[in-house]
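Quick notes on the structure that follows.
Note that the structure is a prediction, hence the values are computed from the model and not measured. All residue numbers in this chain count up from 1 along the given sequence.
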Amino acid sequence: MKTPPNIIKYFIGLLTVIALRLLPHPPNIEPIMSTMMPFSKKWGWLSGMIFCLLAILSFDILTGTLGIWSLVTAGTYALLGIAAGLYLKNKKNKIIYYVGFSIVGTIIYDAITGIGTGMLFFNQSFMTTFMGQIPFTLYHLTGNIVLSSVVSPLLYKWVIINPKLETRQVLNKIALGFK
C-alpha cells in the first residue's frame, strides 16, 4: 500500500491548531483559518475542507466538547476550506492573500455561527444578536489578521512545501534511527 505523502504535514497542522487553541487567549481568537489556508492553497478545496473538519472535530473530541455546535462550526469551516482552495489556488504565498481571505472568511463564519445560530437556536432578535456579535467578531478579525500574517505564510514555507516533511521521508528517517 502506498503511503499518502502528506499525512505528517496534516498532523503538524492539526497539532498547531490544537496547541494554539489550548493556550489561554481572549475569546474568538483561534488558529483554524490561518492554518487551513496553506493546506487549501497547496492541495485545493478538498484538502481545505477535510483539514477544517478534522481540526474542529479532533479538538472537540479531545476537549470533550463535541456536540451540535461542533457540526455547525465544522460545516461552516468546511465551506471556508472549500472557498480558500478556490481563492488561493493560483495565488503566490503572500500575506496579503491570506489576510484578505481571513477578513472575508471571518465575517462569513461569524455571520453563520454567531448571528445565524443566535437567532435560530436562542430565538434572539436580529438586532440583539448582531449587536452582541460585534465585539466577538472584532476579536475574531484581529486574531485572524495577526495569525494569517504570521502562521499562514510560515506554515506554507516551513511545512507544506518542505520535501523533508513528506510522510515517506519522515518514516525513512525514523526507520534509519532504529537501525
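Of all non-hydrogen atoms in T167 and I8, the two that sit nearest each other are OG1-N, 3.4 Å. Between I56 and S70 the shortest heavy-atom distance is CG2-O, 3.7 Å. In this structure, L165 and V159 approach most closely via the heavy-atom pair CD1-CA, 3.8 Å. Looking at every heavy atom in both residues, M36 comes nearest to C52 through CG-SG, 3.3 Å.
Under the 4.5 Å side-chain heavy-atom criterion for Ile, Leu, Val, Met, Phe, Trp and Tyr, L155 and W45 are members of the same hydrophobic cluster. Cluster annotation: F11 is not connected to L62 through the hydrophobic network of ILVMFWY side chains, with a link wherever side-chain heavy atoms come within less than 4.5 Å. No single ILVMFWY cluster, assembled from side-chain heavy atoms under 4.5 Å apart, contains both L141 and L147. Hydrophobic clustering (side-chain heavy atoms under 4.5 Å, transitive across Ile, Leu, Val, Met, Phe, Trp, Tyr) keeps F59 apart from L53.
Aromatic ring orientation, F130 versus F126: parallel (interplanar angle below 30°, classes split at 30° and 60°).
Residues passing the side-chain hydrogen bond (donor to acceptor under 3.5 Å, both in side chains) test with S102, sequence neighbours excluded: S148.
Using a 4.5 Å heavy-atom threshold, the side chains of T35 and F51 count as touching. You'll find the side chain of T63 reaches within 4.5 Å of the side chain of L22, heavy atoms only. Residues I32 and R21 have side chains in contact (heavy-atom distance under 4.5 Å, counting atoms from C-beta outward). In this structure, K157 and N162 have side chains that are not in contact, with every pair of non-hydrogen atoms separated by 4.5 Å or more. At a threshold of 4.5 Å between non-hydrogen side-chain atoms, the residues Y10 and S47 count as touching.
Between atom CD1 of residue I7 and atom CZ of residue R168 there is a gap of 11.5 Å, rounded to the nearest 0.5 Å. Here the CE-CD1 distance, from M33 to I145, works out to 10.5 Å after rounding to the nearest 0.5 Å. Here the straight-line distance linking atom CD1 of I112 with atom OG1 of T73 works out to 11.5 Å at 0.5 Å rounding. For the atom pair CD1 (I29) and OG1 (T142), the distance works out to 6.5 Å, reported to the nearest 0.5 Å. Rounding to the nearest 0.5 angstrom, the gap separating the CG atom in D110 from the CD1 atom in I115 is 8.0 Å. Atom CG of L154 is separated from atom OG of S149 by 10.5 Å, given to the nearest 0.5 angstrom.
Within the structure, salt bridge (Lys or Arg N to Asp or Glu O under 4.0 Å) contacts touching residues 7-16 (residues at least two apart or in different chains) are K9-E166. Counting only residues at least two apart or in different chains, ring-ring contact (aromatic ring centres under 6.0 Å, His included) contacts with residues 139-165 comprise Y109-H140.
For T128 (side chain) and S125 (main-chain N/O), no donor-acceptor pair under 3.5 Å exists by modelled atom type. For the pair S34 (side chain) and S152 (backbone), a donor-acceptor distance under 3.5 Å is absent.
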Quiz item: Can you list the steps and then say if F136 with Q133 is a side chain to side chain contact (heavy atoms under 4.5 Å, CB included)?
Solution: CA-CA 5 Å; F136 289 101; Q133 186 63 39; 3.9 Å; yes

Self-check item: Residue pair I160, W43: steps toward the side chain to side chain contact (heavy atoms under 4.5 Å, CB included) verdict
Solution: CA-CA 9 Å; I160 302 298; W43 296 299; 3.7 Å; yes

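Residue S58 forms a side-chain contact (heavy atoms from CB on, under 4.5 Å) with just one option from I18, L66, L15, and that option is I18.
Applying the 4.5 Å side-chain rule to ILVMFWY residues, one finds that W69 remains a lone member of its cluster. Members clustered with V146: none, using a 4.5 Å side-chain heavy-atom cutoff among hydrophobic residues.
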Acceptor/donor pairs from residues 78-99 side chains to any protein atom, 3.5 angstrom cut, sequence neighbours excluded:
{"unit_1": "N93", "atom_1": "OD1", "unit_2": "Y98", "atom_2": "OH", "d": "2.6"}
{"unit_1": "N93", "atom_1": "ND2", "unit_2": "P153", "atom_2": "O", "d": "3.4"}

